[in-house]
Structure formats: structure tokens, C-alpha cells
Amino acid sequence: MSETEENIDDGGEIRDFVRDQIRDDLAAGLHSGIVTRFPPEPNGYLHIGHAKSICLNFGVAAEFSGRCNLRFDDTNPTKEEQEFIDAIQADLRWLGFSWGETEFFASDYFDQLYAWAEHLIETGNAYIDDLSAEEIREYRGTLTEPGRPSPYRDRPVDESLALFRAMKAGEFPNGARVLRAKIDMASGNINLRDPVIYRILHEPHPRTGDAWCIYPTYDFAHGQSDAIEGVTHSICTLEFADHRPLYDWLIESLPVPARPRQYEFARLALTHTVLSKRRLTQLVAEGHVNGWDDPRMPTLSGLRRRGVPAAAVRDFISRLAISKSQGTVEMAMLDHSVRELLNRTAERRMAVLNPLKVVIENYPEGEHEELQAVNNPENEADGTRMVPFGRELWIERDDFMEDPPKKFFRLGPGREVRLRWAYFITCTDVIKDASGEVVELRCTYDPATKGGTAPDGRKVKGTMHWVSAKHAVESEVRIYDHLFTRPDPGADGDFLDDINSESLNTLRDAKLEPSLTEFPVGQAVQFERLGYFATDPDSTPDRPVFNRTMALRDTWAKVKAKG
RNA sequence: UGGGGCAUAGUAUAAUUGGUAGUACAGCGGAUUCUGAUUCCGUCAGUCCUGGUUCAAGUCCAGGUGCCCCAGCCA
């Protein structure tokens, strides 16, 4: 595994503004150790954008001999589910990260957070507001106009305290009242216009059950949770920069055990896909894809199912910059990391996706032989295997043209090509059906070319893959393309309108060489000349199903397209 | 003058803090090849704008412009 790191200085350290900050803080003696955290909300599956945050937070912790906590930000039981908690942990492990014995939950701190809320009321820094959600919005003002104080803003401390306790006791319905921090209704930063910090939610929580009917908001939970855990550097994405003043205000207003600091970096955006949880959830909920782990999804589980190795994801992330400028990375960048890793590690096999029958007329009927093939030219240790060869073969339809252009190196009438690891064959006849479609080729082979080289030194331009018809394993192969037709889905209207209707092409008549039945689910393999594939969990013992992880680069396709 | 953030090749970024604009991906061309793969070689292309300071500006100063985020009792 050779994961390249982009921004490395001569000392081998990764350089970016977050790590620079940490080095400075360490040099200034601010901390004895570094603690970060990865704080997913369990309301969806992890995607490749999360991988950037994961690699940053866990990476930083490892580089500075610190610790990274996995902490679920589970403060909104209306959206969160145990299924997501389990999936997030599974995806993290797959990606290759571990977080020690325990995982943390914001809900573990509900008692402490509640006590701090009371403290805020007692110190005159928070109040119970009876305004409705709509009224609060009206009073908040707009982006350019200041807000107005709620009529309940100066309610006596005792009254707020009593009301807050009544809220906790379940005496009010959802939405009846909220607890608000008392900060500045005229602030240019809307997060400081008396933000709601506790709301009534009569909703069972995946972890605390019915213990609570009031729940803290993100803003009231996150920084304090960081403080409780001794997090030194709370690294989040740019959209939270506006929240930092509130984060700091709460830390300063409360008797918390530590002073964590928040730093923001630009989240990952990728072309030809979407990475917002709202959109991904919509794709799943409305059935545009077959679940969170659909191989077309940018989720970690989708990538895994498609056959993308975790190491390739990590390599891709390592090439990214940690910065504050929000760009969109080309999907080709990810493709490159996948191909580079798989080229080195995936064994090669032969499979015919769109079969065309070939009969070798001068090969003895009823006989076959075993020919030796190299498993991986990039890794001699992978050895060789035997592949059965016979009189009737399958070749790829695309590898034959009746009237080929000059640059076409493959099979055509009267042409000679090499069958990989086997023989040179020459096409002698083309059989068509009533509609004129080619259904079979008649060929002859040269026994002297066994193994693929001609003793007389003659050359052929093309080498093709093939599968013995008698020994072929019937299979289904799923070919994937970008989920969206354009690089920026939704930029020009509804993102659903940009869904690629041809993102999944299921080939039900694929022919595999026999050894392909030995590949366990998820194991990467290269089908020679076609791409990298991995077995899908839908496979059955008698009918394997393969997903195409990534096509090989195809310069012929480019030549052909140019005409 | 609501607040916050960001501008370097097609894309993502680097530039020792004022001293030759470098890297990766993509593209293009070629060599090698029993995968039209891989590998190798070559090549294209960039500092948002306008002024200013300076021997010297991507970097400093002034003024513009453009893009992103914020008006959830989501995170």
C-alpha cells in the first residue's frame, strides 16, 4: 500500500493550515496532547465527503500521537436511527479507522448539558420564550435588518427556571416553548440573535429512550461535548464558521472543563455526483437508486459494494488539499486512485460480457486443453493458472467487425489475431441469421502458435480475450456509469432531472472463465481488456454477479469516437 | 458598508512569507507492450480586475469585481 501524500514538506510532514495551527499550538505549549473528534449525525450513511473529514481528524490525531473520538451527534431523535449508527461504525472500520474501546454520544451528556442550561438561565444568559416558531422567525429580522427582542426576553430568572423544569417534566406540547440564549438580537451574525438551545420533542431517542422530552440543539451540544471530552481542535466544515462566535460564547459562559477551539475547512465536492445528505436521502427514499449501498452511490458502502478498495479511497483523500476554498474535484481524480491501486493488486481473469460464438474449424471436435495464463503481470507472486481452451469459444462482440476501418486491430474476415495465452486464429467465415446479424464466426487456428507466440516470428496487431464455451460460467455483470449526466447536477434546475438513465447496464449473458467462481464477495479482479470488477452479494453459487468497479482506460474508444 | 468565507492552467492545489510560478489529475503527441491496459518520454496551459509601493509583487497597500455560506425549534 503506497498512499501518496500531496502536501508533504522535506521533513515528511503533511502541510496544511490545520496541521500548521496544531504545530503552532503545540510549540506554544497550549496543549499536552491533541484530541480531535469525528462527529457524524446518525441520520444517514457516510459518504466520500465524510471520508475527508475522517482522514483529517483521525490522521491528525495519529500524526501528533493524540486521540480521535468517534462521537455521534445524536441530539435530534426525530431524524436519527440505530441503523445509521451501526452503518457508520461498519463503514469507519472498513475505511480502516478505529476509535478505541468506546464510542461517544452527545446523548451521554444530556444530564450535564441540562445542568449547564440551568446555569445559563441562572446567570441571566438564557430565557424561556413562549413565542411560536413562526413568531421567532419574524422577530429574528432578516439578513439586512436587525431582529427585535421577544416580549419574554426579560422574563425573571426564577420564572424561566420554573418553566424550563416544567418543559423537562413534559408539561408542554412540542413547540410550546423553547430555551434561548440571550445574546444580541441586532448582531449581523444571525446565529447570535438569541439562538434556540433547547426544544420540546416528545420523541423516543435511540439511546435514551423516553428519558427526555426536551433536547439540546446542535449549537448547545457540540462545543460543550468537545469540552467534556477534552477535544483540543474541533475541525468542521466551512458552513459552521458562522457558528464559531456562538461556540465560543457558550464555552466562555459555562463552567466547562476545557477550552476547545473550532477550525473550519472546505468540504469535498465531486463532479457527476451529489454529496449532500438531503439529496442522498432523497435518492434512496424515492427509489432512484437501490439503497444506500447502491454501487452508483458516493456512499462508503456504495463504493465498497462497487469494489472500490478502502485504500484507494484513502489514497484519493490524501491527494486532496485541506483549504478554505470550496472547489469541486473531478471524479477522474478518484478514478485514478482506484485504477492505480487495482492495477497493482487485482489478479487478471478473462470474461466475455457480450458474447459472440467462434468455432475453430481445424480444432479437434470434443477435445480441450488447459493453457497457462499469468495472474498478474504487475505481481509475479500471484503466479499462474490454467484456462480451458476448446473448439467453441466466446469472444466479445465488439472485437469483431465485418468491415473494419484501418485502425481496427481486432478480428475481421480474413484477419489474424491472437487469443490471449492461447493461439493465433484467422477468421474464415461469417455466419448471419435471417435479419443479417452476425451470430457466429468460423475460424482456423495455428497450432504452432500455442501460448501466443509464433515460431516464425510473425506479428499480429490485436490480442483478444476469450472464454471456452463448454467451460464458461454463466454470469450477470452490472456496468455502472456516473449517476448524473452532468458534472454539476442540479446547477440548472432539479438535480433529479440530471440523473443518468443509463447509469446501470445489466448484462445477463456474460461468460466467465471457470476460476472466477472462486472469488469471494468484494474481491477485486481485472477482466482483461475490460476493467476492474468485484463480486456482488447478490451472487448465488451457480450464478455469480459481478459489479464493474472501474473500466480500464480505453484509447480505442477515443480513436473510434473521433472517426 | 448585514455577517462570515474564498479567488493561481480544464480541475484540485504549491510557492522557503517580496526573489526562476512547481506538483497531481485531465487533455494532446510519441515509444514500449501477448491487455488499444500498465510503464516510459514529450507537450499544452495559470496568478480575478485597476491602480500604488519596490531593483523585484501571486505574495505588501488602496479601490473594485466575482463566487460560496447564514434568516431550522436540522446538523
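Here the structure is a predicted model, which is why all the values come from computation and not from measurement. A, B, ... follow the sequence lines: proteins, then strands. Residue 1 opens every chain.
- Applying the 4.0 Å criterion to OP1 and OP2 of B:C28, one finds that A:Lys558 has a side-chain N or O inside that range.
- With its glycosidic angle within 90° of 0, B:G72 adopts the syn conformation.
- When all heavy atoms are compared, the tightest approach of A:Phe424 to A:Thr449 is N-OG1, 2.9 Å.
- Between the P atoms of B:G66 and B:U50, the separation comes to 15 Å (whole Å).
- Under the Watson-Crick and G-U wobble criteria, each requiring two contacts below 3.5 Å, nucleotide B:G36 is left unpaired.
- Residue-level contact check: A:Ser187 touches neither bases nor backbone, having no heavy atom under 4.0 Å from any strand.
- Checked by atom type, the side-chain pair A:Gln262/A:Glu264 shows a donor-acceptor distance below 3.5 Å.
- Applying the 3.5 Å distance criterion, the base of B:U35 shares a donor-acceptor pair with the side chain of A:Arg348.
- Across all strands shown, B:A57 forms no Watson-Crick or G-U wobble pair with both distances under 3.5 Å.
- Cation-pi geometry between A:Arg177 and A:Phe172 is satisfied (NZ or CZ under 6.0 Å from the ring centre, within 45° of the ring normal).
- Of the candidate nucleotides B:C73, B:U38, B:C25, B:C73 has the atom nearest to the side chain of A:Ala133.
- Listed nucleotides: B:U11, B:U35, B:U38. Nearest to the side chain of A:Gln526: B:U35.
- If you check every strand for non-hydrogen atoms under 4.0 Å, A:Arg420 touches a base.
- Remark: C1' of B:A24 and CG of A:Asp16 are 17 Å apart, rounded to the nearest angstrom.
- When the C1' atom of B:A14 is taken as reference, atom CD of A:Glu13 falls 17 Å away, rounded to whole Å.
- Distance check on atom P: B:G63 versus B:C68 gives 24 Å, rounded to whole Å.
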For A:Arg458 and A:Glu416, what are the C-alpha separation, side-chain angles and deciding distance, and is it a side chain to side chain contact (heavy atoms under 4.5 Å, CB included)?
-> CA-CA 11 Å; A:Arg458 79 180 185 278; A:Glu416 183 173 50; 2.7 Å; yes

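- Within 4.0 Å of A:Ile136, counting heavy atoms only, lies at least one base atom of the nucleic acid.
- Here the C1' atom of nucleotide B:C69 and the CG atom of A:Leu238 are 8 Å apart, to the nearest Å.
- A side-chain donor from one of A:Asn375 and A:Arg349 sits under 3.5 Å from a side-chain acceptor of the other.
- Counting to the nearest Å, the C1' atom of B:G3 and the CD1 atom of A:Ile190 are 8 Å from each other.
- Taking atom C1' on both nucleotides, B:U38 is separated from B:G4 by 48 Å, rounded to a whole Å.
- By the rule that a glycosidic angle within 90° of 0 means syn, B:U11 does not qualify and counts as anti.
- Between A:Arg319 and B:A12 there is no side-chain polar atom (N or O) within less than 4.0 angstrom of OP1 or OP2.
- Here B:A12 presents its P atom at 15 Å from CE of A:Met331, a figure rounded to the nearest Å.
- In terms of phosphate contacts, A:Ser325 brings a side-chain nitrogen or oxygen within less than 4.0 Å of OP1 or OP2 of B:U13.
- Residue A:Arg140 has a polar side-chain atom (N or O) positioned under 4.0 Å from OP1 or OP2 of B:C73.
- Whole-Å rounding puts the A:Glu239 CD to B:A71 C1' distance at 16 Å.
- If you check B:A24 for Watson-Crick or wobble pairing at under 3.5 angstrom, you find it paired to B:U11.
- For B:U47 and B:C60, the C1' atoms lie 15 Å apart once the distance is rounded to whole Å.
- Closest contact between the side chain of A:Thr142 and the listed nucleotides B:A71, B:U35, B:G36 involves B:A71.
- At a threshold of 4.0 angstrom between heavy atoms, the contacts of A:Phe408 include nucleobase atoms, whether or not backbone atoms are also involved.
- Residue A:Ser323 places at least one side-chain N or O under 4.0 Å from the OP1 or OP2 atom of B:U13.
- Side chain A:Glu330 to base B:G10: a donor-acceptor pair is found below 3.5 Å.
- The listed nucleotides are B:G36, B:C25, B:A75; the one nearest the side chain of A:Asp73 is B:A75.
- Comparing B:U59 with B:U54, their P atoms sit 16 Å apart, to the nearest whole Å.
- The side chain of A:His465 contributes no N or O atom lying less than 4.0 Å from OP1 or OP2 of B:U35.
- With both ends at atom C1', the span from B:G30 to B:G36 equals 15 Å, rounded to whole Å.
- Between A:Trp421 atom CH2 and B:U35 atom C1' the separation is 9 Å, expressed in whole Å.
- Across all strands shown, A:Glu264 has no heavy atoms under 4.0 Å from either base or sugar-phosphate atoms.
- With the nearest nucleotide of RNA chain B identified for both A:Leu419 and A:Arg553, A:Leu419 has the one nearer the 5' end.
- Relative to the ring axis of A:Phe265, A:Lys324 does not place its NZ or CZ within 45° and under 6.0 Å from the centre.
- A:Glu41 comes within contact range of the sugar-phosphate backbone alone, with a heavy-atom separation under 4.0 Å but no base atom that close.
- Considering only the side chain of A:Arg410, B:G36 comes nearest among B:C25, B:G36, B:A75.
- Across all strands shown, B:G5 is found opposite B:C67 as a Watson-Crick or G-U wobble partner, with both distances under 3.5 Å.
- Nucleic acid contact for A:Pro146: none, since no nucleic acid atom lies under 4.0 Å from a heavy atom of the residue.
- Annotation: cation-pi geometry satisfied between A:Arg148 and A:Tyr139 (NZ/CZ under 6.0 angstrom from ring centroid, within 45° of ring axis).
- One finds a side-chain N or O of A:Arg199 lying less than 4.0 angstrom from the OP1 or OP2 phosphate oxygen of B:C74.
- Within the 4.0 angstrom heavy-atom criterion, base atoms lie near A:Gly175.
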What's the verdict on salt bridge (Lys or Arg N to Asp or Glu O under 4.0 Å) for A:Asp20 and A:Arg15, showing C-alpha distance, side-chain angles and the deciding distance?
-> CA-CA 7 Å; A:Asp20 286 348; A:Arg15 294 286 313 275; 3.0 Å; yes

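- Dashed line: the shortest gap from a side-chain N or O of A:Thr75 to OP1 or OP2 of B:A75 is under 4.0 Å.
- Residue A:Leu131 is in base contact, counting any heavy-atom pair closer than 4.0 Å across all strands shown.
- For a distance-only test at 3.5 Å, the side chain of A:Asp242 qualifies as a donor-acceptor partner of the base of B:G3.
- Taking the C1' atom of each, B:G42 and B:C49 are spaced 36 Å apart, rounded to whole Å.
- Counting any heavy atom pair closer than 4.0 Å across all strands shown, A:Tyr198 reaches no nucleic acid atom.
- Of the C1' atoms belonging to B:U8 and B:A14, the separation is 10 Å, rounded to the nearest Å.
- A stacked arrangement is assigned to A:Trp556 and the six-membered base ring of B:G36, with a centre-to-centre distance below 5.5 Å and an interplanar angle below 30°.
- The side-chain tip of A:Arg279 points at the ring of A:Phe495 from less than 6.0 angstrom away and within 45° of straight on.
- In this structure, A:Arg207 is positioned above the aromatic face of A:Phe105, its NZ or CZ under 6.0 Å from the six-membered ring centre and within 45° of the axis.
- Regarding A:Arg529, its CZ atom lies at a distance of 15 Å from the C1' atom of B:U38, rounded to whole Å.
- Across the interface with RNA chain B, nearest-nucleotide mapping of A:Pro40 and A:Thr555 shows A:Thr555 to be the residue nearer the 5′ end.
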